Amino acid sequence: MTDLSRIRNFSIIAHIDHGKSTLADRLIQFTGGLTDREMSEQVLDNMDIERERGITIKAQTVRLNYTAKDGETYELNLMDTPGHVDFAYEVSRSLAACEGALLVVDAAQGVEAQTLANVYQSIEHNHEIVPVINKIDLPAAEPEKVKAEIEDIIGLDASDAVLTSAKSGIGIEEVLEAVVARIPAPGGDRAAPLTAMLVDSWYDPYLGVVILVRVINGVIKKGLQVKFMQGGTEHLVDRVGCFTPKRTDLPELGPGEIGFITAQIKEVEQARVGDTITTVKNGATKALAGYKEVQPVVFCGLFPVDAADFEKLRESIGRLRLNDASFSFEMESSAALGFGFRCGFLGLLHLEIIQERLSREYDLDLITTAPSVVYRLHMTDGETRELHNPADMPDPVKIESMEEPWIKATIYTPDEYLGSILKLCQDRRGIQLDLTYVGGRAQVTYELPLNEVVFDFYDRLKSISRGYASFDYEQIGLRDGDLVKMNILVNNEPVDALSMIVHRSQAEPRGRGLVERLRELIPRHMFKIPIQAAIGAKVIARETISALRKDVTAKCYGGDISRKKKLLEKQKEGKKRMREYGNVSIPQEAFIAALRMGEE
Amino acid sequence: MARALYIHWPFCVAKCPYCDFNSHVREQVDFGRWREALLADMRHEADLAGGEPLESIFFGGGTPSLMPPDLVEALLAEAQRLWGFAPDIEITLEANPNSVEAARFDALAKTGVNRLSLGIQALDDEALRFLGRAHSLAEGLTALDIAQRAFDRVSFDLIYARPGQTAAEWQAELERALAFGTGHLSLYQLTIEPGTRFATDVRQAKFIPLEDDPAGEMYELTQELTRAAGISAYEISNHARPGQESRHNLTYWRYRDYCGIGPGAHGRRRGAATVRHKKPENWLEAVAQGGNGIREERTLGQAEQASEALLMGLRLAEGVDLAEVSRRFDFARDDLIDAGRLGLYQSLGLAWSDTDRIGITPKGFPLLDALLGELVPEALVSA
């Protein structure tokens with residue numbers, strides 16, 4: 001156990017690519033947590049996806065033993081928090097486990113929207129924030145301008161910001177000294193009943209579920225019977241330790257300390273982020289504040305391209321779920337896509353991550369249906385129900401009213417793109433709340449319906465701002481909306497995978513866009529194919545694919561059948577990747593491309 | 001037992017830009033060596049698939065009209081010795097309609113060739129130049145005249161749906177062609193085959209092939225005009241007055257056994273597919289080494305044979321006898337054709353069925369490849 005005065009718990013806040021992971025690596029290296037040989041790039045981001053995308057999905061923590069210039073050895077717990085809004089709740093728990101944060105800002109790029117949201121959260125947790133201006137050795141670095149931005153936009157004193165280049169190893173010791181000097185030591189009472197916050201949990205094939213904890217009061221050690229106050233379960237602690245970043249067993253964790261425990265738990269679902277851990281005997285009576293159950297907000301169907309992969313998909317989803325209790329799934333069947341799963345996610349990035357992990361780690365070829373949000377339906381008979389899937393939309397005459405989730409979005413952009421971004425928000429039914437300029441940048445705040453955002457909003461934003469705009473959001477609750485279910489009919493048959501719930505005002509342009517795109521994507525058949533977008537019986541957009549006129553091998557001669565046969569084999573192979581509606585074979589690519597609209 | 005023999009002569013004076021057949025240009029050909037090799041290759045086939053008199057022989061190429069008549073004569077004499085000839089045997093030879101070759105038509109007729117297939121290709125000088133043909137229209141017409149006098153049966157080929165060709169232009173050309181009164185016509189739409197000079201030209205945007213829609217319309221027009229002239233299509237691209245069909249080609253389309261000798265020739269005998277070495281020198285070498293030019297001989301499964309029978313048979317106006325295919329290849333009749341699909345395409349007027357027979361309508365013919373993909377069950381194709 002380390003004396004409280006010599007513990008520092010801190011996180012790093014940074015926008016993607018601003019160098020958070022590199023800085024973390026340098027801190028580990030400097031304090032000798034790993035030898036140079038053991039250092040692989042970005043130690044903290046364990047998953048391939050995390051490394052490739054430069055994002056953190058699971059919270060990680062590293063204990064650094066640092067002998068400061070005052071001669072004392074400090075225990076520094078560096079918490080690497082998820083950086084994305086989809087994991088806002090996990091972020092808030094990670095932040096709650098710390099007393100301070102390093103705010104890493106790229107010396108050339110300046111402050112970004114995502115950074116802002118996390119900084120504000122950190123400020124809400126009363127953190128001491130140490131600004132770090134990174135990449136100062138870049139030719140385009142403008143540390144003074146960035147300091148001014150930090151002061152103007154965030155309102156933090158940046159005069160003693162630490163200047164670093166994590167890549168070149170400049171300013172690393174100064175960062176560690178600033179942590180020791182400026183971030184407060186944690187409080188806590190060793191004699192009080194155990195209260196520890198469950199910061200995060202993940203599944204390890206050898207250890208079972210590993211739980212990251214921050215001890216507030218009391219002591220947690222091996223052999224202790226503990227209770228999860230929210231989950232209501234009891235477990236025997238069988239291992240206590242920390243990561244340096246190598247897993248190191250410890251006899252105990254005392255107040256103010258961050259580390260891990262294992263307790264023979266099989267599923268992460270039983271170890272919910274934000275729960276309070278106490279002892280079974282003489283435990284605390286009051287749980288820590290701030291626990292909430294996370295609910296999926298974005299839903300989509302996941303279907304195997306090859307129907308034979310359904311069992312594999314079921315198994316893979318089950319396994320992923322072992323490590324990520326925040327997504328939900330239930331079986332779904334679609335006339336177009338066969339058997340699959342309706343899955344719920346914390347947000348679009350979460351959806352993408354799960355989808356990518358399924359295809360990469362489990363080698364599955366998947367079709368994803370259009371993401372949809374959760375609507376609340378007020379039925380004429382007084383019942384209230386939630387709608388996750390457009391296919392389950394009841395008869396409109398039985399619906400009294402519908403509510404849809406709204407968000408407050410903060411967009412931060414170089415002002416040359418502002419006009420197009422305002423138009424995009426306006427087109428998506430946005431309500432402008434605020435618009436401010438700082439230097440050459442603008443910050444806009446909009447209220448937007450979430451269903452407009454899940455529909456390619458982020459892609460559009462990126463493309464119109466050439467990737468310079470950053471975007472963050474928080475949910476602000478449900479609002480009434482004039483929503484309708486739009487069906488797409490191919491050869492007069494509805495294609496379930498393409499039906500969607502849209503605002504009445506958006507139905508026509510979206511329907512037109514979709515049928516136009518399908519006309520390009522569906523190959524000609526031997527008959528005319530009408531493609532329609534309809535609300536109920538009312539057709540709002542229509543295109544026709546004309547009939548194929550010619551597809552023949554003119555000359556088949558000399559008894560050479562082989563080429564003809566190959567052609568037929570190829571045709572059949574192609575058909576396997578198609579789904580059939582009203583005698584029309586729709587290529588899988590058409591579904592995927594139709595659902596990924598708006599990049600025209 | 002094969003009752004049809006195909007003999008491939010691989011040489012041409014020049015390679016035509018649209019042609020993807022096995023044709024080669026050589027400075028010199030050692031006719032003596034070729035004669036011996038072809039005879040050996042023929043004897044190999046006769047040993048394996050002899051026993052019944054031949055009903056047809058086809059000299060294809062390449063340009064078989066470049067063969068010295070005495071070589072043709074020697075090959076026919078050997079074939080007759082090995083198999084014997086049915087009394088009404090059809091012996092076809094493909095010929096180019098230029099003056100040098102036309103001068104040999106009489107001599108060729110004396111060897112026993114009784115049917116000439118002339119590569120006229122177009123009745124328009126500009127089109128002939130585009131198609132890379134060595135002959136002019138005038139030469140072509142003279143050759144046709146000589147041929148009609150020298151041979152009992154004459155057919156000629158035309159290539160239409162050329163880039164920029166209009167329906168009216170084609171109608172005029174076809175009407176003129178019909179007026180020559182031959183018993184048989186092969187009317188091919190121009191297709192750009194991979195590996196040909198035309199494929200390169202298209203890639204380099206030197207010309208744009210005619211779009212499928214106008215080509216489809218021209219096909220329809222062709223059917224109307226030939227039907228009115230009493231020379232309807234009996235196969236996708238082949239037209240004949242009743243009784244004037246190419247019996248040899250019908251053997252392929254009806255999926256009967258045939259022997260194929262010479263470079264690149266394909267054969268089917270007793271459930272085995274044979275392919276001969278394509279390159280003339282390799283074929284010669286193979287014959288010299290092993291007494292035959294076979295590169296690959298493979299036994300086909302029942303399903304594969306059934307699918308081949310359908311692929312070929314559905315090219316014919318007469319269609320396919322499903323009961324017969326079922327018997328021949330011991331394959332359940334219901335598994336030969338997707339009945340649901342057949343119903344759909346029948347209702348669209350693209351296919352027909354009549355007790356045991358099914359077939360493609362003239363309206364369906366230009367869509368045959370797409371139709372086959374729909375009608376032939378996957379189990380037959382992937383088997």
Side-chain angles (χ1 to χ4, degrees), chain A residues 305-308 335 338 490-493 519-530 543-590, chain B residues 4 6 8 21-22 58 60 159 161 186-191 193 211-217 219-220 235-237 249 251-253 255 258 260 264-268 273 275 304 307-308 311-312 315 341 344-345 348 350 364-374 376-378 380-382:
Chain A
V305 166
D306 184 347
V490 172
N491 208 19
N492 302 314
E493 273 197 39
R519 194 195 52 189
E520 304 296 318
L521 293 166
I522 298 175
R524 291 166 90 186
H525 280 54
M526 287 174 272
F527 40 86
K528 256 201 309 206
I529 305 168
E543 291 283 337
T544 306
I545 299 174
S546 61
L548 184 67
R549 290 301 299 271
K550 182 189 154 188
D551 179 11
V552 65
T553 308
K555 209 165 181 175
C556 190
Y557 230 40
D560 181 4
I561 307 174
S562 51
R563 195 184 287 178
K564 192 78 221 24
K565 267 201 309 204
K566 280 212 187 82
L567 193 73
L568 191 59
E569 278 163 24
K570 253 170 86 181
Q571 249 173 314
K572 290 290 185 192
E573 208 41 56
K575 275 195 203 248
K576 283 189 194 159
R577 292 186 66 89
M578 302 213 194
R579 293 289 186 272
E580 204 162 278
Y581 278 94
N583 292 317
V584 176
S585 301
I586 306 180
Q588 222 110 63
E589 296 72 39
Chain B
Y6 176 80
H8 192 81
F21 274 39
N22 187 29
F58 197 103
I159 296 175
S186 299
L187 306 171
Y188 299 111
Q189 291 209 339
L190 177 63
T191 49
E193 300 295 343
E211 302 270 335
D212 284 351
D213 285 7
E217 274 162 42
Y219 186 87
E220 244 170 68
E235 189 258 5
I236 302 271
S237 307
N249 286 331
T251 302
Y252 302 144
W253 296 321
Y255 202 56
Y258 50 94
H266 288 254
R268 289 285 180 286
V275 189
E304 194 174 1
S307 82
E308 289 193 347
L311 289 187
M312 297 305 259
R315 299 185 68 84
R341 294 283 148 165
L344 169 67
Y345 292 105
L348 291 168
L350 302 176
F365 272 145
L367 294 166
L368 180 67
D369 288 354
L371 283 167
L372 286 171
E374 294 280 289
V376 181
E378 203 199 310
L380 274 192
V381 177
S382 52

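In this text the structure is predicted, and so the values were computed from the model without any measurement. Chain letters run A, B, ... following the sequence lines, proteins first, then strands; residues in each count from 1.
With contacts defined as side-chain heavy-atom distances shorter than 4.5 Å, the pair Ile561(A)/Arg268(B) qualifies. Inter-residue side-chain proximity for Asp213(B) and Arg524(A) is flagged as met; some heavy-atom pair is nearer than 4.5 Å.
For the pair Ala370(B) and Gln571(A), the tightest heavy-atom approach, listed with the atom from each and the gap, is CA-NE2, 3.6 Å. Residues Thr191(B) and Ala554(A) come closest through the heavy atom pair CG2-CB, 4.4 Å.
A salt bridge does not link Arg549(A) to Glu211(B): none of the charged nitrogens lies less than 4.0 Å from a carboxylate oxygen.
If you measure heavy-atom distances from Leu568(A) to chain B, the contacts under 4.5 Å come from both the backbone and the side chain. Proximity to chain A involves both the backbone and the side chain of Leu367(B), based on heavy atoms less than 4.5 angstrom apart. In this structure, the portion of Leu344(B) lying under 4.5 Å from any heavy atom of chain A is its side chain and not its backbone. For Phe365(B), the part lying near chain A is the backbone, with the side chain staying farther off; criterion is any non-hydrogen pair under 4.5 Å.
In terms of modelled atom types and a separation under 3.5 Å, the side chain of Lys572(A) and the main chain of Val376(B) share a donor-acceptor contact. Looking only at distances, no side-chain donor or acceptor of Asp551(A) sits under 3.5 Å from a matching main-chain atom of Asp369(B).
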Open item on the list: Show, in sequence, the C-alpha distance, side-chain angles and deciding distance for Glu193(B) and Arg563(A), and conclude whether the salt bridge (Lys or Arg N to Asp or Glu O under 4.0 Å) test is met.
Closed with: CA-CA 11 Å; Glu193(B) 300 295 343; Arg563(A) 195 184 287 178; 3.1 Å; yes

TODO: Please test Arg341(B) against Asn583(A) for side chain to side chain contact (heavy atoms under 4.5 Å, CB included), starting from the C-alpha separation and ending with a verdict.
DONE: CA-CA 9 Å; Arg341(B) 294 283 148 165; Asn583(A) 292 317; 4.2 Å; yes

Task: Check against side chain to side chain contact (heavy atoms under 4.5 Å, CB included), Tyr219(B) and Val552(A) - done: CA-CA 11 Å; Tyr219(B) 186 87; Val552(A) 65; over 6 Å; no

Task: Test log, rule side chain to side chain contact (heavy atoms under 4.5 Å, CB included), inputs Met526(A) and Leu371(B) - done: CA-CA 8 Å; Met526(A) 287 174 272; Leu371(B) 283 167; 3.4 Å; yes

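Going from atom CG of Leu372(B) over to atom NZ of Lys564(A) covers 5.0 Å, rounded to the nearest 0.5 Å. Rounded to the nearest 0.5 Å, atoms CD (Glu378(B)) and CD (Glu573(A)) are 7.5 Å apart.
Contacts with chain A were tallied for Arg315(B), Glu220(B), Glu235(B); Arg315(B) has the most, counting heavy-atom pairs under 4.5 Å.
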